[in-house]
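Here's the structure we're looking at; comments come further down.
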Amino acid sequence: MSIRHGLLALLERGPRYGSRLRTEFESRTGSTWPLNVGQVYTTLSRLERDGMVVQDGADDAGHDLYAITDAGRTELHTWFGTPVDRTHPPRDELAIKLAMAVGAPGVDIREVIQSQRRHTLKAMQDYTRLKAQALADVPADRDEVAWLLVVEQLIFQAEAEARWLDHCESRLVRLAEAAATEPSAGPGPAATRGPARAPAERNHSQR
């Protein structure tokens with residue numbers, strides 16, 4: 001996830017200091033991807049190095065403020081206008097786990113799938129409950145609308161994962177059934193007649 005661009009989006013609303021950026025980022029995303037202040041200031045330092053933000057004095061409490069530059073706005077609007085690249089998907093721990101579990105000695109892959117399904121369904125129920133709470137009152141500000149979008153994405157993601165786990169289990173069942181019904185290799189016709197005699201042996205028996 002692009003913390004870099006998230007901070008630029010918040011700075012476009014006006015100068016801010018590090019801990020306020022952290023608070024607003026977590027409020028906008030419902031603390032789904034929590035940040036620590038060290039991450040925020042490290043990212044701000046890199047943005048400043050790249051000419052996308054500048055230090056802009058301090059507030060009344062003495063907090064150092066950061067402001068977005070024209071180069072930062074250009075970078076931000078380019079990010080908004082560019083589709084998220086799916087040609088190089090991030091590593092997925094669950095997919096790697098199931099791939100490694102196939103054929104692993106002593107591992108019941110169906111139990112691995114069932115355990116994950118229980119966890120995924122529980123997470124989906126929790127997300128759905130959060131969505132219901134968010135919709136109990138009409139979202140009043142942009143942070144509430146943003147959080148609603150995030151939690152709905154988490155619900156859809158959990159639903160897709162549950163369907164994929166069902167597919168994986170069905171695939172394993174079909175493969176197991178196919179292996180069970182496959183005929184075992186038996187002796188061929190030549191084997192039932194016994195070994196063929198060598199040409200010299202056949203010639204000797206004919207004389």
Worksheet item: Can you find a heavy atom in the side chain of Trp164 that is under 4.5 Å from one in the side chain of Leu98?
Response: yes
Worksheet item: Is it the case that one hydrophobic cluster holds both Trp79 and Val40, taking links as side-chain heavy atoms less than 4.5 Å apart, direct or via other members?
Response: yes
Discussion item. If I take atom CG from residue Leu175 and atom OG from residue Ser170, how far apart are they, to the nearest 0.5 angstrom?
Written reply: 11.0 Å
Worksheet item: Does Ile109 belong to the same Ile/Leu/Val/Met/Phe/Trp/Tyr cluster as Met100, with side-chain heavy atoms less than 4.5 Å apart forming each link?
Response: no
Practice prompt. Quick one: do Gln55 and Leu65 satisfy side chain to side chain contact (heavy atoms under 4.5 Å, CB included)? Show the steps, please.
Written response: CA-CA 6 Å; Gln55 293 194 36; Leu65 297 174; over 6 Å; no
Discussion item. When you compare the side chain of Leu8 with that of Glu75, does any pair of heavy atoms fall below 4.5 Å?
Written reply: yes
Discussion item. For a 4.5 angstrom cut-off between non-hydrogen side-chain atoms, does Thr23 reach Glu26?
Written reply: no
Item to complete: Return yes when atom CZ of Arg171 has more than 12 non-hydrogen atoms of other residues, nucleotides or ligands closer than 6.0 Å, and no otherwise.
Response: no
Worksheet entry | Shared hydrophobic cluster for Leu154 and Leu165 (ILVMFWY, side-chain gaps under 4.5 Å) | no
Worksheet item: Within a reach of under 6.0 Å around CZ of Arg142, are more than 12 heavy atoms found that belong to other residues, nucleotides or ligands?
Response: no
Fill in: Atom pair SG (Cys168) and CD (Glu161), whose distance is rounded to the nearest 0.5 Å
10.0 Å
Compile the donor-acceptor pairs under 3.5 Å between side chains in residues 43-50 and protein atoms, sequence neighbours left out, one pair per line.
residue : atom : partner : partner atom : Å
Thr43   : OG1  : Gln39   : O            : 2.8
Asp50   : OD2  : Arg4    : NH1          : 3.3
Asp50   : OD2  : Arg4    : NH2          : 3.1

Discussion item. When you group the ILVMFWY residues by side-chain heavy-atom contacts below 4.5 Å and let the links chain together, are Val107 and Leu172 in the same group?
Written reply: yes
Practice prompt. Heavy atoms only: give me the nearest Phe25-Gly6 pair and the separation to one decimal.
Written response: CE1-CA, 4.3 Å
Practice prompt. Check whether any side-chain heavy atom of Ile96 lies under 4.5 Å from a side-chain heavy atom of Arg91, and answer yes or no.
Written response: yes
Discussion item. Do Thr120 and Gln116 pair up side chain to side chain, a donor and an acceptor below 3.5 Å, judged on atom types alone?
Written reply: yes
Discussion item. With a 4.5 Å cut-off on side-chain heavy atoms, are Tyr66 and Pro15 touching?
Written reply: no
Discussion item. What I want to find out is whether Glu169 reaches Arg117 closely enough, with some N-O distance under 4.0 Å, to be called a salt bridge.
Written reply: yes
Response to the item:
With sequence neighbours left out, the residues meeting side chain to side chain contact (heavy atoms under 4.5 Å, CB included) with Leu149 are Glu152
Fill in: Pair Asp166 + Arg163: basic N to acidic O under 4.0 Å
no
Worksheet item: Nearest heavy-atom pair of Leu11 and Arg16: which atoms, and what distance?
Response: CD2-N, 3.8 Å
Fill in: Sidechain-backbone polar pair: Thr42 side chain, Gly38 backbone, donor-acceptor under 3.5 Å
yes
Item to complete: Check whether Val145 and Val151 end up in the same hydrophobic cluster, where Ile, Leu, Val, Met, Phe, Trp and Tyr are linked by side-chain heavy atoms less than 4.5 Å apart.
Response: no
Worksheet entry | Asp85 vs His88 side-chain heavy atoms within contact, under 4.5 Å | yes
Worksheet item: Between Ile3 and Trp33, is any pair of side-chain heavy atoms under 4.5 Å apart?
Response: no
Practice prompt. Show your working on side chain to side chain contact (heavy atoms under 4.5 Å, CB included) between Asp70 and Arg73 and close with a plain yes or no.
Written response: CA-CA 5 Å; Asp70 289 340; Arg73 288 190 180 86; 3.6 Å; yes
Discussion item. I'd like to know whether Leu135 forms a side chain to side chain contact (heavy atoms under 4.5 Å, CB included) with Lys131, so could you lay out the CA-CA distance, the side-chain angles of the two residues, the decisive distance to 0.1 Å, and finally the verdict.
Written reply: CA-CA 6 Å; Leu135 290 175; Lys131 176 183 175 180; 3.8 Å; yes
Worksheet item: Is the shortest side-chain N to carboxylate O distance from Arg20 to Glu24 below 4.0 Å?
Response: yes
Discussion item. To the closest 0.5 Å, what do you measure between CD1 (Ile68) and CG (Leu7)?
Written reply: 10.0 Å
Discussion item. Tell me whether the count of non-hydrogen atoms from other residues, nucleotides or ligands lying under 6.0 Å of CD in Glu93 goes above 12.
Written reply: no
Practice prompt. For Thr69 and Gly51, work out which heavy atoms get closest and say how close.
Written response: OG1-O, 2.7 Å
Worksheet item: Which pair of non-hydrogen atoms, one from Ala134 and one from Leu148, has the smallest distance, and what is that distance?
Response: CB-CD1, 4.1 Å
Worksheet item: Under a 4.5 Å cut-off applied to non-hydrogen side-chain atoms, are Tyr41 and Val37 in contact?
Response: yes
Discussion item. Test: ring pair (Phe, Tyr, Trp, His ring centres under 6.0 Å). Region: residues 95-152. Which pairs qualify, not counting sequence neighbours?
Written reply: none
